[in-house]
Amino acid sequence: MKKGKTKLTRHDAERLFEGLPDGNVRVSSRPENPFEAGAFDAVERADDETKLWKDNLITLPVAIELPAGYESVSRMREAIARAWRVKWVREGKDEVVAEFPEGWTAVRPESGPIELRDPSGVLRALYGWAKNAELRILPRYLVEPPANSSNGLGSLLVRDRGNGQILERSSTWSAQTGTNHPDWTKLSAWLNLRYPQNHDLLRYWEDCEENVQN
């Protein structure tokens, strides 16, 4: 009777563990429960880092509209890298890919050029869609017409584009606009007297001044 019981117990045990890997097979040490805490942490972190990296890459035209004082595109790129903390990643025939600090964006409106905006949403540069487009960097201080004119006549004002404040304005309304306005020379002289380096499009911006000094 004892022998019969032993044989039956061993047989049952063999059937119970039938199909399991033997001692020579490596078994994964990963948690069996797919919903166990920490199971997906590494994957989610990698996805977040990849998303951040892609968000900071902006494609710009190879050509740059050179302001006064910059004799070549390469010199202008060097200045942009210092002032904006930009890293040039790769260059193609018509485009260059740049890594910008977090918060910079390229906004594509329904019409008009693409707008390059800083983390505060301030428009810092414009560029077109065509292959021969140029990057046009904008100054902080600008002589420009008011946003709206209801009487068909034009005026001028000096605006601080960093905060939107109007620094000076013309009292003359004229059918002539832009550089043909009677007060264009007057307001340009006012601006140049107070901000003599405004022709350098990377000057007077708070981030540019801080980055260059550091």
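What's counted below: heavy atoms across the whole structure, side chains too, no hydrogens, waters or symmetry copies. Given the structure is predicted, the values throughout are model-derived calculations rather than measurements. Nothing fancy with the numbering, it's 1 onward along the sequence.
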Please enumerate all residues that pass side-chain hydrogen bond (donor to acceptor under 3.5 Å, both in side chains) together with Glu115, with sequence neighbours excluded.
Arg117
Val122: hydrophobic cluster co-members (side-chain, 4.5 Å):
Trp205
Might you work through the side chain to side chain contact (heavy atoms under 4.5 Å, CB included) test for Trp84 and Asp118, ending with a clear yes or no?
CA-CA 9 Å; Trp84 287 355; Asp118 66 17; over 6 Å; no
Kindly give the heavy-atom pair with the smallest separation between Ala63 and Ala133, and that separation in Å.
CB-O, 3.7 Å
Got a sec, which residues hit side-chain hydrogen bond (donor to acceptor under 3.5 Å, both in side chains) with Asp200, two or more places apart in sequence or on another chain?
Tyr70
Shared-cluster residues of Val107, by chain and number - hydrophobic side chains joined below 4.5 Å
none
May I ask you to list the residues sharing a hydrophobic cluster with Ile166, side-chain cutoff 4.5 Å, ordered by chain and number?
Leu157
Closest non-hydrogen contact found for Met76 with Pro67 is SD-CD, 3.8 Å
Just to verify, what does Thr179 make a side-chain hydrogen bond (donor to acceptor under 3.5 Å, both in side chains) with, not counting sequence neighbours?
none
Let me see the working for Arg159 and Leu142 under side chain to side chain contact (heavy atoms under 4.5 Å, CB included), right down to the final yes or no.
CA-CA 6 Å; Arg159 186 187 301 277; Leu142 192 66; 5.5 Å; no
Of Thr177, Thr172, Leu187, which meets side-chain contact (heavy atoms from CB on, under 4.5 Å) against Leu156?
Leu187
What are the two closest heavy atoms between Trp184 and Gly178, and how far apart are they?
CE3-O, 3.3 Å
Only counting residues at least two apart or in another chain, list the ones meeting side-chain hydrogen bond (donor to acceptor under 3.5 Å, both in side chains) with Glu91.
Arg77
All salt bridge (Lys or Arg N to Asp or Glu O under 4.0 Å) counterparts of Glu71, not counting sequence neighbours:
Arg75
Which atom pairs, one a donor and one an acceptor, fall under 3.5 Å between side chains of residues 207-214 and the rest of the protein, sequence neighbours left out?
{"residue": "Asp207", "atom": "OD1", "partner": "Arg124", "partner atom": "NH2", "Å": "3.1"}
{"residue": "Asp207", "atom": "OD2", "partner": "Arg124", "partner atom": "NH1", "Å": "3.3"}
{"residue": "Asp207", "atom": "OD2", "partner": "Arg124", "partner atom": "NH2", "Å": "3.4"}
{"residue": "Glu209", "atom": "OE2", "partner": "Arg203", "partner atom": "NE", "Å": "2.7"}
{"residue": "Glu209", "atom": "OE2", "partner": "Arg203", "partner atom": "NH2", "Å": "3.4"}
{"residue": "Glu209", "atom": "OE2", "partner": "Tyr204", "partner atom": "N", "Å": "2.7"}
{"residue": "Asn211", "atom": "ND2", "partner": "Ala83", "partner atom": "O", "Å": "2.8"}
{"residue": "Asn211", "atom": "ND2", "partner": "Asp207", "partner atom": "O", "Å": "3.1"}
{"residue": "Asn214", "atom": "ND2", "partner": "Glu210", "partner atom": "O", "Å": "3.2"}

State the CG-CG distance between Asn198 and Leu191, to the nearest 0.5 angstrom.
4.5 Å
Apart from Leu123 itself, residues in the same hydrophobic cluster as defined by side-chain heavy atoms under 4.5 Å:
Leu126, Leu138
Please report the shortest heavy-atom distance between Ser155 and Pro146, naming the atom on each side.
O-CD, 3.2 Å
From CA spacing to verdict: side chain to side chain contact (heavy atoms under 4.5 Å, CB included), Trp88, Ile80:
CA-CA 10 Å; Trp88 304 107; Ile80 292 173; 3.9 Å; yes
With a 4.5 Å limit on heavy-atom distance, are the side chains of Phe100 and Leu60 in contact?
yes
Nearest heavy atoms of Ala125 and Leu135, plus distance in Å:
CB-CD1, 3.8 Å
For Glu134, salt bridge (Lys or Arg N to Asp or Glu O under 4.0 Å) partners two or more places apart
none
Partners passing salt bridge (Lys or Arg N to Asp or Glu O under 4.0 Å) against Asp160 (at least two apart in sequence or in another chain):
Arg140
Does Trp104 have Arg85 sitting over its ring (NZ/CZ under 6.0 Å from centre, angle to axis within 45°)?
no
